[in-house]
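Data first, discussion second: the structure below is written as structure tokens.
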Amino acid sequence: MSIIHSISDKPLSADYTLWGNCRPRKEKNISLILLNRGARIDKAALLSRRFFQHFDSVISVEPPGSSPEIYDLMKGSDQFRFLIPQKELTPGEQIDLAASLLNDEWFCVLWNDQILDKEMTLPAEAPGENDPVIYVPFLKDMREQSPIPTMMVPSVQKKKLRVKAFGNAASGGRTFYPFDFTGCYHRESFFTVGGFDNSFRNPFWQLIDFGARLVMFGKTVRLHPYFLVHYDTEIEPHRECFDSDYLLFVLKNQFVKKKKERFYIPYISFIGYFFRFAGRDWSRTIGECRQAVRLLERYRKQYRKTLAEGIAEWGEIGQ
């Protein structure tokens with residue numbers, strides 16, 4: 001069992017099986033977290049891909065109930081490990097769990113239907129105050145090998161957060177969050193900001209929440225000019241879904257205000273949150289409000305701006 005690192009004040013205890021006796025090479029100081037989805041892929045063929053040589057170690061997060069026969073694939077290799085959770089986890093939870101088992105300075109996240117086209121050159125040092133804590137790749141689709149618009153730019157329309165995807169025109173351009181969770185993360189910085197929030201069950205809002213938190217903490221995510229990835233299957237576009245996770249996102253991010261350098265959530269915002277959830281279990285709603293306050297207190301020193309301030313500045317510093 002492991003306690004998944006998360007900004008939620010209800011850490012998720014995850015039972016899992018870890019196959020393999022990995023002895024990282026410690027040559028590049030970067031590991032790979034390989035997420036799996038879609039139809040079953042020939043694991044032997046997948047693990048034969050040459051780009052794995054660019055990483056000191058690889059953790060493949062398998063679906064619950066995967067057969068331990070995959071252990072046979074690792075004979076003769078000390079690079080691969082297979083992580084099998086006992087229950088379904090969101091992509092963010094899978095990343096939080098796998099990253100807690102690593103000790104390299106950086107880790108990369110790819111899916112089993114993605115191929116790394118070129119080795120990425122990492123900075124020699126940990127990110128400074130103004131350096132990106134996550135680098136994201138230029139992504140190409142399966143058929144035309146044409147760029148996928150993944151420059152995510154936030155805006156607020158009628159008090160609702162909207163995120164639009166633009167073409168990746170600028171190397172090093174800023175983006176709101178790592179599209180499809182794909183990217184190269186600085187491990188210490190990732191856990192310092194709390195990782196992905198396991199309170200969210202919808203991966204879309206889990207990503208949006210993560211991006212919003214980075215903005216409020218003064219952190220950045222940027223495209224890396226030498227980080228090229230393409231899909232070898234069709235991908236589904238991200239769709240906005242204004243469900244209960246959206247309201248939880250508003251509570252934890254858009255409700256945060258600032259007065260004389262003090263960050264807080266106004267009481268009137270909690271009243272509005274109660275009315276939006278009329279008819280739902282009130283004890284759950286009260287618990288979410290209390291959790292939002294506790295998290296704000298815990299990370300208070302990391303806040304640099306409200307989400308509204310960060311989005312207002314985006315046009316000036318986003319390019």
Side-chain angles (χ1 to χ4, degrees), residues 24-25 27-37 46-47 49-61 79 91-92 94-95 98-99 102 104-128 130-142 144-153 163 165-190 193 195-196 207 210-211 214-215 219-233 235 237-238 317-319:
R25 294 175 293 179
E27 295 175 355
K28 302 178 181 295
N29 207 23
I30 178 172
S31 292
L32 172 65
I33 296 174
L34 183 67
L35 304 182
N36 290 270
R37 63 182 169 196
L46 174 67
L47 298 184
R49 290 176 174 174
R50 293 181 180 179
F51 68 78
F52 288 124
Q53 66 184 330
H54 300 316
F55 303 97
D56 289 329
S57 66
V58 179
I59 291 184
S60 178
V61 186
Q79 184 184 15
Q94 293 179 46
I95 294 169
L102 299 172
D104 289 305
E105 186 173 12
W106 296 84
F107 66 87
C108 189
V109 175
L110 295 175
W111 292 87
N112 58 341
D113 56 6
Q114 294 176 326
I115 295 177
L116 179 65
D117 286 347
K118 188 174 183 179
E119 180 179 8
M120 176 181 172
T121 302
L122 290 170
E125 299 178 356
N130 298 316
D131 295 326
V133 299
I134 302 172
Y135 291 99
V136 296
F138 284 84
L139 292 169
K140 296 181 180 180
D141 63 21
M142 172 187 178
E144 304 297 332
Q145 288 295 291
S146 56
I148 298 173
T150 56
M151 181 79 76
M152 316 308 294
V153 177
V163 181
F166 292 87
N168 308 328
S171 296
R174 189 180 179 193
T175 184
F176 188 51
Y177 62 82
F179 179 83
D180 209 8
F181 295 89
T182 304
C184 187
Y185 300 64
H186 184 256
R187 184 176 180 276
E188 181 179 352
S189 299
F190 175 73
V193 302
F196 289 102
L207 268 175
F210 183 64
L214 292 177
V215 169
K219 306 296 184 181
T220 59
V221 182
R222 291 190 180 276
L223 287 160
H224 194 291
Y226 302 110
F227 190 9
L228 309 175
V229 173
H230 74 264
Y231 289 86
D232 62 2
T233 61
I235 64 168
H238 285 192
I317 63 177
Q319 300 301 321

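Reckoned from all heavy atoms, side chains included, excluding hydrogens, waters and symmetry mates.
Annotation for Tyr231 and Leu139: closest pair OH-CD1, 3.9 Å, computed over non-hydrogen atoms. Taking all atoms of both residues into account, the shortest heavy-atom contact from Gly183 to Pro137 is CA-CD, 4.2 Å. Summarising the geometry of Pro178 relative to Val221, their closest heavy-atom pair is N-CG1, 4.5 Å, with the distance given to 0.1 Å. Residues Trp106 and Cys184 approach most closely at CE3-SG, 3.9 Å, considering heavy atoms. Nearest approach of Ala165 to Pro149, heavy atoms of both residues: CB-O, 3.3 Å.
One distance of note links CG of Asp117 with CZ of Phe51; it measures 9.5 Å at 0.5 Å rounding. Note that CG of Leu32 is 9.5 Å distant from CD1 of Ile59, once rounded to the nearest 0.5 Å. Annotation: the span from Met151 atom CE to Phe176 atom CZ amounts to 14.5 Å, rounded to 0.5 Å. Distance CH2/Trp111 to CZ/Phe181: 7.0 Å, rounded to 0.5 Å. With rounding to the nearest 0.5 angstrom, the OH atom of Tyr177 is 9.5 Å from the OG1 atom of Thr150. Here the CD atom belonging to Gln114 is positioned 9.0 Å from the CG atom belonging to Leu34, to the nearest 0.5 angstrom.
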- side-chain contact (heavy atoms from CB on, under 4.5 Å) evaluation trace for Ile95 with Leu35: CA-CA 8 Å; Ile95 294 169; Leu35 304 182; 4.1 Å; yes
- Show your working on side-chain contact (heavy atoms from CB on, under 4.5 Å) between Phe138 and Leu223 and close with a plain yes or no. CA-CA 7 Å; Phe138 284 84; Leu223 287 160; 4.1 Å; yes
- Does the side-chain contact (heavy atoms from CB on, under 4.5 Å) test come out yes or no for Cys108 and Ile30, once each step is laid out? CA-CA 7 Å; Cys108 189; Ile30 178 172; 4.2 Å; yes
- For side-chain contact (heavy atoms from CB on, under 4.5 Å), just list the numbers for Val133 and Phe190, CA-CA rounded to whole Å, side-chain angles, deciding distance to a tenth of an Å, and then say yes or no. CA-CA 7 Å; Val133 299; Phe190 175 73; over 6 Å; no
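Side chain of Asn36 to main chain of Val61: a donor-acceptor pair is present (N/O by atom type, distance under 3.5 Å, no hydrogens or angles). Not a single donor-acceptor pair under 3.5 Å links the side chain of Thr182 to the backbone N or O of Leu110. For Gln79 (side chain) and Phe52 (main-chain N/O), a donor-acceptor pair under 3.5 Å exists by modelled atom type. Side-chain N or O atoms of Asn112 include one that pairs as donor or acceptor with a backbone N or O of Arg37 at under 3.5 Å. Under the 3.5 Å distance criterion, the side-chain polar atoms of Arg187 are matched with a main-chain donor or acceptor of Ala99. Looking at Asp113, its side chain never comes within 3.5 Å of a backbone N or O of Asp232 through a donor-acceptor pair.
Considering only residues two or more places apart in sequence or on other chains, Ser189 meets the side chain to side chain donor-acceptor pair (under 3.5 Å) condition with His186.
Note: Phe210 and Tyr185 have tilted aromatic rings, judged against thresholds of 30 and 60 degrees for the angle between ring planes.
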